[in-house]
2 protein chains.
Amino acid sequence: MVTKNKPARIPAPYAVVKQYLKKNLQNGRWAPGALMPSEAELVAQFSVSRMTVNRAIRELQTEGLVSRIQGVGTFAAEPHRVSSTLTIRDLHSEIEERGHTHHAVVHIAKAELVTTAVALRLGLEKGATVFHTVIVHYENGVPLQCEDRYVNPACAPDYLRVDFTQTTPTQYLLEVAPHWEAQYRIEASAPTAREAKLLGIRRDDACLIIARRTVSMNVPITAARLVHPGTRYSLAGQFKP
Amino acid sequence: MVTKNKPARIPAPYAVVKQYLKKNLQNGRWAPGALMPSEAELVAQFSVSRMTVNRAIRELQTEGLVSRIQGVGTFAAEPHRVSSTLTIRDLHSEIEERGHTHHAVVHIAKAELVTTAVALRLGLEKGATVFHTVIVHYENGVPLQCEDRYVNPACAPDYLRVDFTQTTPTQYLLEVAPHWEAQYRIEASAPTAREAKLLGIRRDDACLIIARRTVSMNVPITAARLVHPGTRYSLAGQFKP
DNA sequence: AAACTCTACTTGTCTAGACAAGCTGAGTCA
DNA sequence: TGACTCAGCTTGTCTAGACAAGTAGAGTTT
C-alpha cells in the first residue's frame with residue numbers, strides 16, 4: 001500500500017457535486033435527454049450554496065455532458081454526438097519529446113506571384129506576392145514530413161529571413177501572430193513526384209497528408225500541405241468526456 | 001442597414017471582461033508568458049465584483065488562453081502549444097447531414113475466440129470470447145468505409161442481435177455505454193486484400209485508416225479499424241482558440 | 001374552443017464579503 | 001552568509017441573497 005506524506009486533500013464542494021453528477025450520468029441514472037435535478041434540489045441535497053451547484057453544472061455543460069434550458073431545466077446530453085477530438089502537434093516538439101533529433105532541409109524559400117489556387121486558399125488578390133517554402137523535416141535522419149507552405153507577406157514580412165534549420169515555420173508564425181484559427185483536412189493519397197523524391201519513397205506509397213489553413217483576426221496567414229510517409233507517421237489522439 | 005426587432009442585448013459583465021482580455025491577448029498586449037492584470041485590478045477597472053472577474057478569467061483558462069498560479073498571478077499562455085483539435089464524427093450522421101443516403105452491408109457478425117493481438121487491445125484475457133463484425137458503409141451506393149470491429153461481450157451482450165443495416169455499431173454502443181474515453185490512431189496505408197475487395201479499390205490505392213479503442217469507466221468496450229478509400233474520404237476539422 | 005393572464009418554477013447572472021492556500025520579498029536573527 | 005519569520009500580495013473557493021429572463025401549466029376570460 002502506498003502512503004502519502006501529504007494529508008488527503010478534501011475535494012472542493014463544487015467538485016463533489018460535479019463528480020456526483022458525472023458518476024450518475026455515466027452509470028445511466030439519467031438517460032440521455034432525461035430531466036436532471038434542479039439546482040435548488042442539489043442545494044438542499046448537498047447543503048451548499050446555489051453558486052456552488054451552478055459552477056458544477058456549468059462545467060459539465062461546457063464539457064458537453066449536460067444541456068440546460070433557461071426556465072426549463074437541466075438535461076442529460078443526447079447520445080453524445082459521436083464527435084471526438086484529435087490533437088495535431090508541432091512536429092519539432094513532437095520529435096524532441098520522443099528524445100529524437102530533428103533537422104530540416106530547405107529546398108525552396110522565395111517570393112512568388114500567387115497562382116489562382118493559392119490566391120483562393122489564402123484569400124489574396126490576383127497578382128499579389130506570397131512567400132513560398134518547401135522544407136523537409138527529418139527525425140533521426142529519416143525524412144518524416146515534406147512541408148509545402150505559402151505565407152501572406154503582410155503578416156510575416158521577415159518570413160524569408162528566418163533560418164528554418166533552427167526554427168520551424170509554425171513556431172515562427174506563432175510568434176508573429178499568436179492566436180489563430182485553423183482549418184484542417186486530413187487525407188490519404190499518393191505523393192507527387194517531387195514529394196516522393198524529397199521523402200525518399202515510391203510514388204505509389206500511401207501518404208498521410210494534412211492541409212492546413214490558418215487565419216488570425218480574419219487575416220489569412222498561411223496555407224500548408226504537410227505530407228508524411230504513411231509507413232513512418234501516424235496521428236494519435238484521445239478523447240475524454 | 002439591417003434593423004433588428006429585438007433590442008440590442010447588452011452582454012453580461014463577465015462576458016465584457018472576458019472579451020476585453022481575449023482581444024488584448026490576440027493583439028499582443030500581453031506577450032506569451034507575461035503577467036496579466038490581477039483580479040483586483042480588473043475589479044477596479046470594470047467596477048464589477050471579484051466573482052465576475054474570476055469567472056471571466058477562469059473560462060479563459062479552460063480555453064487554454066491563460067494560465068494561473070495561486071499566490072503569483074495570471075499569465076498569458078505560452079506560445080500556444082501548436083496542438084489543435086480535429087473532430088471525428090459518426091459516419092452515419094455525417095452522411096445524412098450531407099443529404100446523402102447511407103446504407104450498410106454486414107459481412108461478418110459472430111462471436112470468436114480472441115487472438116492475442118485483440119486480447120491486448122481490448123484488455124481481455126486469453127481464451128475469452130469477443131464479438132466481431134465487419135461492415136461496409138456506403139454513401140449514395142459508393143463504399144466509403146470498411147469497419148472491422150471487436151466488442152467486449154460484457155459491455156454489450158446483445159450486440160450481435162442488433163440490425164446493423166439500421167443502426168451503426170457506434171450508435172448502438174453509445175446507448176449501451178453512454179460516456180466513454182477513446183484513443184485514436186490515424187494513418188495512411190494500403191488496404192488488405194479483403195478490404196480492397198470489399199471497398200472496390202485496388203490494393204495499392206492509399207487508404208485513410210482510423211484505429212479507435214474505447215473505454216468506459218475503465219472497462220474496454222470496443223476496438224475498431226475504420227478503412228476509408230483515400231480518394232473518397234478526408235477528415236476535416238477546425239480549431240478556434 | 002381559443003386566447004389570454006398569472007403563478008410557480010427553472011436557469012443566468014451579479015454582489016459584497018469572507019476565509020483558505022500559496023508565493024514572494026523584506027526584514028530579522030543566528 | 002545563511003536560515004528563518006512574517007506581511008502582503010496573489011488565486012481558489014464558498015456563502016446568502018438578489019433580480020432578471022425564460023418556460024410551462026393552471027386558471028380565466030372571451
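So you know, we letter chains A, B, ... as the sequences are listed, proteins then strands, and number each from 1. FYI, side chains are in, hydrogens and waters are out, and symmetry mates aren't considered; it's all heavy atoms of this structure.
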If you check every side-chain atom of B/Ser49, which of C/dG12, D/dC14, C/dC14 has the closest atom?
C/dC14
Check the phosphate of C/dG12 against A/Arg58, side-chain N and O only, distance under 4.0 Å to OP1 or OP2. Yes or no?
no
Quick one: A/Leu35 CG to C/dT10 C1', roughly how many Å, whole number?
10 Å
Are the side chains of A/Arg58 and A/Leu60 in touch, meaning some heavy atoms are under 4.5 Å apart?
no
Can you pull out the residues from residues 37-45 of chain B that lie within a 4.0 Å heavy-atom distance of DNA chain C?
none
Check the pair B/Glu187, B/Arg185 against salt bridge (Lys or Arg N to Asp or Glu O under 4.0 Å), reporting the backbone distance first and the verdict last.
CA-CA 6 Å; B/Glu187 54 186 38; B/Arg185 219 182 58 247; 2.9 Å; yes
Within less than 4.0 Å of OP1 or OP2 of D/dT13, is there a side-chain N or O belonging to A/Arg55?
yes
Would you say the side chain of B/Glu139 lies within less than 4.5 Å of the side chain of B/Leu91, judging by non-hydrogen atoms?
no
In whole angstroms, the gap separating C1' of D/dT13 from CD of B/Gln61 amounts to 13 Å
How many whole angstroms separate atom CG of B/Leu21 from atom P of D/dT11?
12 Å
When you check the phosphate oxygens OP1 and OP2 of D/dG17, does a side-chain N or O of A/Arg50 lie under 4.0 Å from one of them?
no
Within the 4.5 Å heavy-atom criterion, are A/Val106 and A/Asp163 side-chain neighbours or not?
no
N/O (side chain, B/Thr74) to phosphate O (OP1/OP2, D/dT11) under 4.0 Å
yes
How many whole angstroms separate atom CG of A/Asn54 from atom P of D/dT15?
13 Å
For a ring-ring contact (aromatic ring centres under 6.0 Å, His included) with B/His137, tell me which candidate from B/His102, B/His100, B/His92 qualifies.
B/His102
Could you state the atom-to-atom distance from CZ of B/Phe75 to P of C/dC23 in whole Å?
12 Å
Pairs where residues 12-56 of chain A contributes a residue and the test ring-ring contact (aromatic ring centres under 6.0 Å, His included) is met, not counting sequence neighbours:
A/Tyr20-A/Phe46
Nearest whole angstrom, please: distance from the P of C/dT13 to the CD of B/Glu59.
8 Å
Set of salt bridge (charged side-chain N to carboxylate O under 4.0 Å, His left out) partners for A/Arg225, sequence neighbours left out:
A/Glu195
Send over the distance from B/Met36 CE to D/dT10 P, rounded to a whole Å.
14 Å
Go through the structure and list residues passing side-chain hydrogen bond (donor to acceptor under 3.5 Å, both in side chains) with A/Thr222, not counting sequence neighbours.
A/Arg149
Rounded to whole Å, the OH-C1' distance (B/Tyr14 to C/dC14) equals 12 Å
Test ring pair (Phe, Tyr, Trp, His ring centres under 6.0 Å) applied to B/His103 - qualifying residues, sequence neighbours left out:
B/Tyr138
Nucleotides 23-25 of chain D: which of its N/O atoms have a protein N/O under 3.5 Å away?
none

